[in-house]
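Labels below follow one simple rule: chain letters A, B, ... track the order of the sequence lines, proteins then strands, and each chain is numbered from 1.
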There are 2 protein chains.
Amino acid sequence: MRIGELAERAGTTTRTLRYYESRGLLPARRAENGYRSYDEGDLRLLQQIRTLQDFGFDLEETRPFVDCLRAGHPAGDSCPASLAVYRRKLDELDALIGQLRSVRAEVGVQLARAELEASAGLPGGPAPRCELGGQP
Amino acid sequence: MRIGELAERAGTTTRTLRYYESRGLLPARRAENGYRSYDEGDLRLLQQIRTLQDFGFDLEETRPFVDCLRAGHPAGDSCPASLAVYRRKLDELDALIGQLRSVRAEVGVQLARAELEASAGLPGGPAPRCELGGQP
DNA sequence: CCTTGCCTTGACGTCGGCGTCAAGGAATAC
DNA sequence: GTATTCCTTGACGCCGACGTCAAGGCAAGG
């Protein structure tokens with residue numbers, strides 16, 4: 001099949017496929033007229049790449065999976081290098097999630113504090129005014 | 001004070017300050033010789049920006065906080081526009097954390113499965129070999 | 001023959017937040 | 001004078017994963 005059909009079947013664009021080829025990730029055979037020519041195996045490779053991309057893997061991180069499939073293994077993650085990428089990604093995700101949760105907590109605290117101060121500073125505001133009134 | 005001192009006191013670079021000025025975020029007065037001139041108030045504005053940046057806020061998202069401070073309010077988040085940014089950021093963080101947790105779970109599952117299949121497919125591997133042996 | 005629609009390569013644009021280099025002016029130290 | 005260190009503006013580089021446009025080739029339908 002040609003590049004347009006592969007792109008459509010994989011839900012991506014021809015530009016993306018040419019980009020992958022330029023990165024050496026998904027090289028294409030060529031027909032006599034110079035057109036790129038792909039088969040069903042290429043579709044599987046491409047699907048593997050897109051799945052990992054959807055998970056947020058960098059393009060380079062998908063390479064071991066593609067190599068693994070191309071080497072004849074039943075799945076992209078049937079090779080140790082792929083498993084290593086999985087593990088590294090899990091660590092990255094854990095670290096990132098931890099950071100984001102920390103930030104989320106801090107922002108939440110700041111919002112609550114700022115809202116409190118706003119209602120306290122508002123004359124006649126919704127909060128009960130205690131002995132701390134701004135203008136006596 | 002001049003740009004170098006402000007940068008150092010805020011733990012950033014002169015390039016960054018010129019960038020903020022180019023974005024209209026932190027304009028500077030000028031001395032007679034054309035040098036940028038900052039005061040302690042500018043340091044506060046800058047600290048506000050850096051704090052939010054460290055939290056992962058976009059530069060544009062810090063603008064309401066800076067405007068708020070510059071308008072004479074006691075804190076950058078004393079204004080409704082700043083609170084709105086806080087709330088929007090919380091929503092973004094929640095959504096992002098949710099996605100990442102979902103991805104983390106899925107990757108974890110894939111890793112576990114791939115490890116299982118690897119140990120099952122390995123002849124003499126660590127797992128007990130059942131009736132599914134590859135080469136009889 | 002001509003149009004249409006696919007394909008080719010090449011090259012520049014995008015986004016954010018700066019880094020880095022270049023060429024030259026200004027203030028201070030010696 | 002000159003050496004140093006600060007400052008100025010301007011402009012290009014970077015990163016990742018493509019988008020988009022340009023100029024032109026190839027095949028098929030009418």
Side-chain angles (χ1 to χ4, degrees), chain A residues 1-39 42-43 45-66 85 88-89 92-93 96 103, chain B residues 1-39 42-43 45-66 85 88-89 92-93 96 103:
Chain A
M1 89 192 83
R2 293 178 302 182
I3 194 171
E5 186 182 345
L6 178 60
E8 194 178 2
R9 288 180 62 183
T12 182
T13 69
T14 61
R15 179 66 183 91
T16 296
L17 297 187
R18 293 197 188 96
Y19 177 65
Y20 290 171
E21 183 172 18
S22 78
R23 302 279 87 199
L25 196 61
L26 191 65
R29 276 119 305 195
R30 296 300 178 122
E32 292 186 2
N33 56 11
Y35 287 12
R36 289 174 178 80
S37 177
Y38 302 92
D39 59 20
D42 292 320
L43 178 58
L45 298 183
L46 183 51
Q47 285 167 339
Q48 174 74 79
I49 296 171
R50 299 308 295 182
T51 298
L52 294 174
Q53 285 271 90
D54 289 346
F55 281 167
F57 284 54
D58 295 343
L59 208 48
E60 275 311 307
E61 292 177 322
T62 72
R63 197 180 293 274
F65 295 80
V66 176
V85 173
R88 211 155 39 74
K89 186 55 67 176
E92 280 177 24
L93 285 168
L96 182 55
V103 167
Chain B
M1 88 192 83
R2 293 178 302 182
I3 193 171
E5 184 182 346
L6 178 60
E8 194 178 1
R9 289 180 63 182
T12 183
T13 68
T14 61
R15 179 67 183 90
T16 295
L17 298 187
R18 294 197 188 94
Y19 178 65
Y20 290 172
E21 182 172 16
S22 80
R23 302 279 88 199
L25 196 60
L26 192 65
R29 275 120 304 193
R30 297 300 178 123
E32 292 187 1
N33 56 11
Y35 287 12
R36 287 173 180 81
S37 178
Y38 301 92
D39 58 22
D42 291 320
L43 177 58
L45 298 183
L46 183 51
Q47 284 167 341
Q48 174 74 79
I49 296 171
R50 299 307 297 180
T51 298
L52 295 174
Q53 285 270 89
D54 290 345
F55 282 166
F57 285 55
D58 296 342
L59 254 192
E60 276 310 309
E61 292 177 323
T62 72
R63 196 179 294 271
F65 295 80
V66 175
V85 172
R88 212 156 38 75
K89 186 56 68 176
E92 280 177 24
L93 285 168
L96 182 55
V103 167

Fill in: Gap between atoms OH and P, on A:Y19 and D:dC18 respectively (whole Å)
7 Å

Worksheet item: Looking at DNA chain C, which of residues 20-36 of chain A put a heavy atom within less than 4.0 Å of it?
Response: A:R30, A:G34, A:Y35, A:R36

Fill in: Point-to-point distance, once rounded to the nearest 0.5 Å, from CG of A:D42 to CG of A:L6
7.0 Å

Discussion item. Just to verify, which of A:T16, A:L45, A:T62 counts as forming a side-chain contact (heavy atoms from CB on, under 4.5 Å) with A:R50?
Written reply: A:T16

Worksheet item: Do A:E92 and A:K89 sit within salt-bridge range, that is, some charged N less than 4.0 Å from a carboxylate O?
Response: yes

Discussion item. Less than 4.0 angstrom between a side-chain N/O of B:T14 and OP1 or OP2 of D:dT8, yes or no?
Written reply: no

Worksheet entry | side chain to side chain contact (heavy atoms under 4.5 Å, CB included) between A:L46 and A:Y20, worked out | CA-CA 9 Å; A:L46 183 51; A:Y20 290 171; 3.7 Å; yes

Fill in: CD/B:E8: more than 12 non-hydrogen atoms of other groups inside 6.0 Å
no

Worksheet entry | Salt-bridge contact A:R63-A:E60 (side-chain N to carboxylate O under 4.0 Å) | yes

Worksheet, complete the sentence: On DNA chain C, more 5' by nearest nucleotide between A:G4 and B:T12 is A:G4

Worksheet item: Can a side chain N or O of A:R50 be found less than 4.0 Å away from OP1 or OP2 on D:dC18?
Response: yes

Worksheet item: Going 5' to 3' on DNA chain C, which nucleotide is the first and which the last to come under 4.0 Å of a heavy atom in chain B?
Response: C:dG17 to C:dA27

Practice prompt. In sequence, state the C-alpha distance, the side-chain angles, and the governing distance for A:R30 and A:R36, and then conclude on side chain to side chain contact (heavy atoms under 4.5 Å, CB included).
Written response: CA-CA 5 Å; A:R30 296 300 178 122; A:R36 289 174 178 80; 3.3 Å; yes

Fill in: Matching residue for B:D39 among B:R29, B:R9, B:R2 - test: salt bridge (charged side-chain N to carboxylate O under 4.0 Å, His left out)
B:R29

Worksheet item: Whole-Å distance between D:dA17 C1' and A:R15 CZ?
Response: 9 Å

